[in-house]
Amino acid sequence: MNIVIGNWKMNPATVAEAKKLAASVENGLMGVDKGRVRVVICPPFVFLPALKHSLHFAALGAQDVAHEEEGAFTGEVSAAQLKEFGVKYVIIGHSERRALGESNELIAKKLNIAFVHKLNIILCVGFGAHKGASAEEVRAILQKQLAAIPQGVELIVAYEPVWAIGTGQPAAAAHAREMLQFIESVVPGAQPIYGGSVDRHNAREFAGVGVSGALVGGASLKSDDFLEIIKAFAA
Ligand code: PGA
């Protein structure tokens, strides 16, 4: 089944706004065929308790998870803590976290922990691939990042070229499809999806070439835009 994931990043500013945004996405989802598309919302950690009871059709996700079970890890949030608040999905290895220094080794630990706790994993790959890099260069970068996946772990892999994130310049649908096919060949059984400037105007194009889902940042903060993207992947 197709999947559309909203990554709210460090937005919105208040819990009232977070609840309002979640409620208006939920309202819009009433008219969407849930048999065709899964929807996940990943708010900042602090809004998880408030949203635990306000999502019904959409599942709750987190934007990160600690690499250890428990203990002295200032600022981290554990998989068990996330689960208590109804979190079903977790984003791991987002390029914005890799840019802060997350290594493939650290990401491998997070993948293990999420797997043990039966969280659905959304692994982001593509960090380090520059615009204009050849398909071969991108494949080499993806190969390294995919090597962090422990054996037997089923997951969603989001191909997110860093130059396409938040820039309004998405990758060409054909390029995305080519890289997703590569991901599928390296990690059989993974569900590859695309992320990077997906919006209400281009979502149909991605869905149309067989991309089976999207990780959406900016456009997930406007319920109308997010719902249009969801409908594109439910068609
Ligand atoms: P964007 O972000 O849709 O704003 O480009 C995507 C992401 O970072 O996951």
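First listed ligand is number 1; within each ligand, the first listed atom is number 1.
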Is it true that a side-chain atom of Glu17 and a backbone atom of Thr14 form a donor plus acceptor pair closer than 3.5 Å?
->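 Looks like yes, one N/O pair under 3.5 Å.
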Is Glu102 reaching over with its side chain to a backbone N or O of Ile107, donor-acceptor style, under 3.5 angstrom?
->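 It does not hold such a pair.
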Does ligand 1 have an atom that lies less than 4.0 angstrom from a heavy atom of Gly195?
-> no
Under the side chain to side chain donor-acceptor pair (under 3.5 Å) rule, collect the residues that match up with Lys222, sequence neighbours excluded.
-> none
Between Ile165 and ligand 1, which part of the residue brings a heavy atom under 4.0 Å of the ligand: side chain, backbone, both or neither?
-> both
Pick one of side chain, backbone, both or neither for how Ser95 approaches ligand 1, counting any non-hydrogen atom pair under 4.0 Å.
->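 Under 4.0 Å from ligand 1, Ser95 contributes no heavy atoms.
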Flag [X] as yes when one of its N or O atoms lies below 3.5 Å from any N or O atom of ligand 1, and as no otherwise.
X      : value
Ala219 : no
Lys9   : yes
Gly166 : yes

Search all heavy atoms of Arg36 against all heavy atoms of Ala235 and return the closest pair with its distance.
->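 Shortest heavy-atom separation between Arg36 and Ala235 comes out as NH2-O, 3.5 Å.
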Which ligand 1 atoms are under 4.0 Å away from a heavy-atom of Gly217?
->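 Under 4.0 Å from Gly217, ligand 1 has these atoms: 1 (P), 2 (O), 3 (O), 4 (O), 6 (C).
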Taking the six-membered ring for Trp and the single ring otherwise, decide whether the centroids of Tyr194 and His175 are under 6.0 Å apart.
->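 Between Tyr194 and His175, the centre distance exceeds or equals 6.0 Å.
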Which protein non-hydrogen atom lies closest to atom 4 (O) of ligand 1, naming both residue and atom, and how far is it?
->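 For atom 4 (O) of ligand 1, the nearest protein heavy atom comes out as Gly218 N, 2.8 Å.
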Of all the non-hydrogen atoms in the protein, which one sits nearest to atom 9 (O) of ligand 1, and at what distance?
->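 Here the closest protein heavy atom is Glu160 OE2, 2.8 Å.
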Students should find that the hydrophobic cluster of Met1, defined by side-chain heavy atoms under 4.5 Å apart, otherwise consists of none
Exceeds 12 heavy-atom contacts within 6.0 angstrom, atom NZ of Lys20 |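 Open.
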